[in-house]
Every structure is written in C-alpha cells, then in structure tokens.
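Here is the structure we will look at, set down as structure tokens.
In what follows, chains are A, B, ... by sequence order, proteins preceding strands, each numbered from 1.
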Number of protein chains: 2
Amino acid sequence: MRLRRERVVDVAIALLDADGLDALTMRKLAARLGVQPGALYWHFAGKQALLDAMADRFLEDFTADWPAGSWDEQFAAASWRLRQVLLSHRDGARVMAGTYVAEPNTVLLGNRAIEILQAAGLPPDRAGWAAFAAFHFVLGHTIEEQAQLELAGRGAWEPKLTVDGIENKLAATAFTADPAERFGYGLQLFLDGIRQQLAR
Amino acid sequence: MRLRRERVVDVAIALLDADGLDALTMRKLAARLGVQPGALYWHFAGKQALLDAMADRFLEDFTADWPAGSWDEQFAAASWRLRQVLLSHRDGARVMAGTYVAEPNTVLLGNRAIEILQAAGLPPDRAGWAAFAAFHFVLGHTIEEQAQLELAGRGAWEPKLTVDGIENKLAATAFTADPAERFGYGLQLFLDGIRQQLAR
DNA sequence: ACCTGAACACCGTTCAAGT
DNA sequence: ACCTGAACACCGTTCAAGT
C-alpha cells in the first residue's frame with residue numbers, strides 16, 4: 001500500500017488523543033502499526049517531522065470552507081475555529097506550538113489571515129506581524145486551557161490561590177472564569193487594536 | 001551546606017545557557033554537581049519542579065525595580081523587559097512556557113500587571129484576562145524568536161519562502177523584519193486594544 | 001521501495017541502604 | 001538530613017541486511 005505515510009499520521013493522532021503527547025513515542029507508535037521502530041524513519045526524518053505532519057493535518061480543510069463576512073468577522077471566526085480544532089485533539093495546542101510554519105495547510109492558513117488583514121487596509125508586513133501575534137495568542141491561550149484540562153482530569157486540582165502567603169491573582173481570574181469568555185475577551189482586545197491601527 | 005537547592009538551580013541555568021534545553025538532563029546536571037542522579041530527587045519532586053524553579057529564578061528582582069510612568073508606559077516597559085530576560089537565557093521562553101504560574105516571583109509579576117491594568121480602569125477579571133493575553137503574546141513571540149536563533153546558530157537556515165509552490169507569506173514577513181520591531185508592533189496592538197476597552 | 005534485527009547511546013525516576 | 005548504589009522501565013535514532 002502506498003498510503004503508509006498518511007496512515008502513520010492517522011494512527012499517531014489516534015494515539016495522541018488516547019494517551020496524550022507525553023505518551024506518544026516512536027516505539028509505541030511503531031508497535032501499534034505492527035512494525036519495527038526503525039521503519040518509521042523511512043517515512044519521517046525524525047519525531048519532529050512526524051509532529052509537524054500531525055499539526056498540519058489538524059488544519060486540513062481549514063481554509064477550504066472559510067467564514068464569510070467583514071474582515072473582523074472572518075478573523076474572529078477563524079480564531080474561534082482554530083481554538084476549536086486544537087481543543088479537539090488532546091494536547092493539540094502543544095503539538096502545534098512545537099512546529100515551524102512550513103507545512104502546506106499551515107502556510108495556507110497564514111496566507112489567508114494576512115490577506116484578510118491586508119484587504120482591511122494593513123500594510124503587508126504589518127498584516128504578517130499582526131497575524132503572528134494573533135496566532136501566538138490563540139496558541140498560548142489554548143495550551144494553558146488544555147493544561148488545566150489535563151490537571152483536572154488527572155485528579156489533584158487545587159488552583160493554589162495563594163503562594164508564600166501572597167494572593168495569586170492571575171490564577172484567581174484565569175481558573176475561575178469560563179475559558180471561552182476569556183478567549184473572546186483577548187480576541188476582542190486584539191481586534192480593537194487592529195481597528196485602532198487602521199484608523200490612523 | 002544548606003544552600004543546595006539554590007546551587008542546583010544555579011548550575012542548571014548555567015547548563016541551560018551552555019547547551020540548551022534539550023541537552024539539560026537530570027543526569028548531566030547531577031554529574032556537573034558531582035553527585036548521583038538520584039540525589040536531585042531529594043531537592044526536587046521531579047524535573048518539571050526544577051524547571052519551574054529555574055523559570056521563577058529568571059524573574060528574580062523583576063518586580064523590585066518596577067518602571068515608572070503612566071499605566072501603558074509601565075506595561076510596555078515590563079513587557080520589553082520580560083522579553084529581554086527570556087532572551088538572556090538560551091531557550092528561556094520555552095522553559096517559562098512549560099511552567100505553571102505558581103512560583104513566587106511569577107505570582108508577583110502577574111499581580112503587578114493586574115494591578116496596573118486595574119488602576120487604569122479595567123475591572124478585576126478583565127485585568128487578569130488581559131494580563132494573561134499579553135503574557136501569551138510575549139512568550140509566543142519570544143519562543144519563535146529564539147527558535148530562529150537556534151536554527152541560525154546551528155547552520156542550515158533557509159527560510160523556506162515557498163512550500164509546494166505556494167508562497168509562505170508568514171515566513172516572509174516574520175523572518176525578514178527586525179524581531180524587536182515586530183514585538184513592538186504586537187505590543188502596540190495590544191495596548192491600543194486596552195485603550196479602546198477603557199474608552200467604552 | 002520498504003522493512004527487519006539489532007544495536008548504540010542515552011533518558012527520568014525509585015528506593016533500600018548508608019553516613 | 002542528605003546522598004550512594006543499583007536498578008527499573010523505558011527512550012530516539014542508525015544502519016547493515018533482507019525482501
């Protein structure tokens with residue numbers, strides 16, 4: 001069968017969803033594929049290359065059905081959707097954060113984001129920087145959101161609201177509120193900032 | 001000597017700066033301390049606890065000499081300084097990104113950021129969410145900045161400006177421009193967003 | 001072209017026992 | 001209180017050799 005490379009990514013993602021990123025090893029993956037560990041290195045240069053392929057798979061068909069509307073509606077919808085895609089795979093955000101933007105679907109998404117912002121009126125380079133900043137926010141937020149999910153799922157979960165006798169305000173606001181509400185607020189902050197830039 | 005725990009962190013950071021995060025292993029650290037690997041587990045519950053302590057050390061004296069000025073000047077200055085601190089240690093941003101906000105200096109910094117934004121006029125919870133969003137931006141930006149430094153230092157560095165025949169616009173804008181300029185732009189976007197919120 | 005067998009050079013962590 | 005000795009249960013990666 002000539003569909004090996006794709007199947008490796010399929011099973012790797014299944015393993016990720018089941019056991020998490022820390023438990024995703026080349027050896028376990030090989031075992032599940034009924035193959036020797038070394039065989040994987042014919043298909044992928046190394047573990048990171050496999051992770052890159054997995055992250056890119058997350059974004060499959062992402063740009064295919066793109067949201068309609070004004071530039072800020074499109075940008076907001078895409079951001080919400082990216083968060084959703086990352087949340088739909090265990091440790092999804094952490095996987096994506098470790099990759100470099102060089103795989104096809106990732107490039108397509110980045111280009112699309114830049115085009116939206118350019119069409120809105122931002123200069124090309126600023127559009128790129130803004131897209132990057134937004135990407136960092138979504139990743140950072142979702143990594144932390146999933147980290148909380150892991151901790152909650154693994155039992156022991158006390159937010160540590162005071163440390164060394166001083167109040168942990170960041171923890172208090174972050175762990176109490178609804179993650180989606182927090183995400184929406186950060187996104188709004190970002191969009192307001194771009195609008196302000198456009199007004200200049 | 002009763003200063004063991006602190007010395008472990010000292011040497012761990014020295015090892016990080018010299019060889020990078022991937023080469024920082026408990027066994028190498030133990031060897032450099034002239035001790036058996038197992039000995040480290042008397043001082044730290046595990047490797048992550050050591051990493052947490054290292055990240056918190058990065059922020060030592062951070063809140064001690066806090067910038068003066070209006071709320072946005074203070075916030076901007078603190079952001080620039082955080083980036084600088086992370087850049088001053090190899091893989092510094094990646095180390096900090098892996099930790100949870102529960103160590104003393106990290107908590108102090110988070111609280112300070114929230115207080116600034118609250119004094120500016122943001123409600124307590126919004127101040128926390130905004131501080132988190134800013135933190136995510138700084139970390140995300142600096143991780144990627146250091147990833148580029150690693151790649152550049154390790155030789156092979158061609159930005160891959162096209163992939164599968166399509167242009168990689170994100171890479172083009174991100175790898176061409178001055179990182180500090182990009183950082184400043186993202187920060188401005190963020191501050192503009194907060195000002196917009198305050199105006200409502 | 002694709003995989004096996006078998007090795008190399010490591011890891012983090014635990015824990016009885018020592019001092 | 002702090003560390004040793006020694007083990008346990010793994011890792012990612014390479015590469016000749018097979019088919």
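A/D52 and A/Q48 share a donor-acceptor pair across their side chains, judged by distance under 3.5 Å alone.
D/dC11 atom C1' lies 16 Å from atom CE of B/M26, rounded to whole Å. Regarding B/Q48, its CD atom lies at a distance of 16 Å from the C1' atom of C/dC11, rounded to whole Å. Atom CD of A/Q36 and atom C1' of C/dA7 are 12 Å apart (whole Å). Put simply, CG on B/L33 is 15 Å from C1' on D/dT4, counting in whole angstrom units. A straight line from CZ of A/R27 to C1' of D/dC10 spans 8 Å, rounded to a whole angstrom. Between the C1' atom of C/dC11 and the CG atom of B/L40 lies a distance of 14 Å, rounded to the nearest Å. A straight line from CG of B/L29 to C1' of C/dC11 spans 14 Å, rounded to a whole angstrom. Atom CH2 in B/W42 sits about 7 Å away from atom P in D/dA1, given to the nearest Å.
Contacts of A/G38 with the nucleic acid, taken as non-hydrogen atoms under 4.0 Å apart, include base atoms.
Along DNA chain D, the nucleotide nearest to A/A45 and the one nearest to A/K28 differ in position, and the one closer to the 5' end is contacted by A/K28.
Note: A/D192 CG to B/R195 CZ = 12.5 Å, rounded to the nearest 0.5 Å.
Base pairing analysis places C/dA1 opposite D/dT19; the two distances defining the Watson-Crick or G-U wobble pair are each below 3.5 Å. If you check C/dT13 for Watson-Crick or wobble pairing at under 3.5 angstrom, you find it paired to D/dA7.
Below 30°, between 30° and 60°, or above 60°: for A/F183 and A/W80 the angle between ring planes is above 60°, a perpendicular geometry. The aromatic rings of A/F135 and A/F132 sit perpendicular to each other, their planes meeting at more than 60°, with 30° as the lower class boundary.
Using a 4.0 Å cut-off, no side-chain N or O of B/R4 falls inside it from OP1 or OP2 of D/dA1. Put simply, A/Y41 has a side-chain N or O that comes within less than 4.0 Å of OP1 or OP2 on D/dT13. At the phosphate of C/dA1, neither OP1 nor OP2 sits under 4.0 Å from any side-chain N or O atom of A/H43.
If you run salt bridge (Lys or Arg N to Asp or Glu O under 4.0 Å) between B/D10 and each of B/R32, B/R4, B/R57, only B/R57 comes through.
Annotation: D/dA9 and C/dC10 have their P atoms spaced 22 Å apart (nearest Å).
Considering only side-chain atoms of A/V35, the nucleotide from D/dT13, D/dC2, C/dC3 that sits closest is C/dC3.
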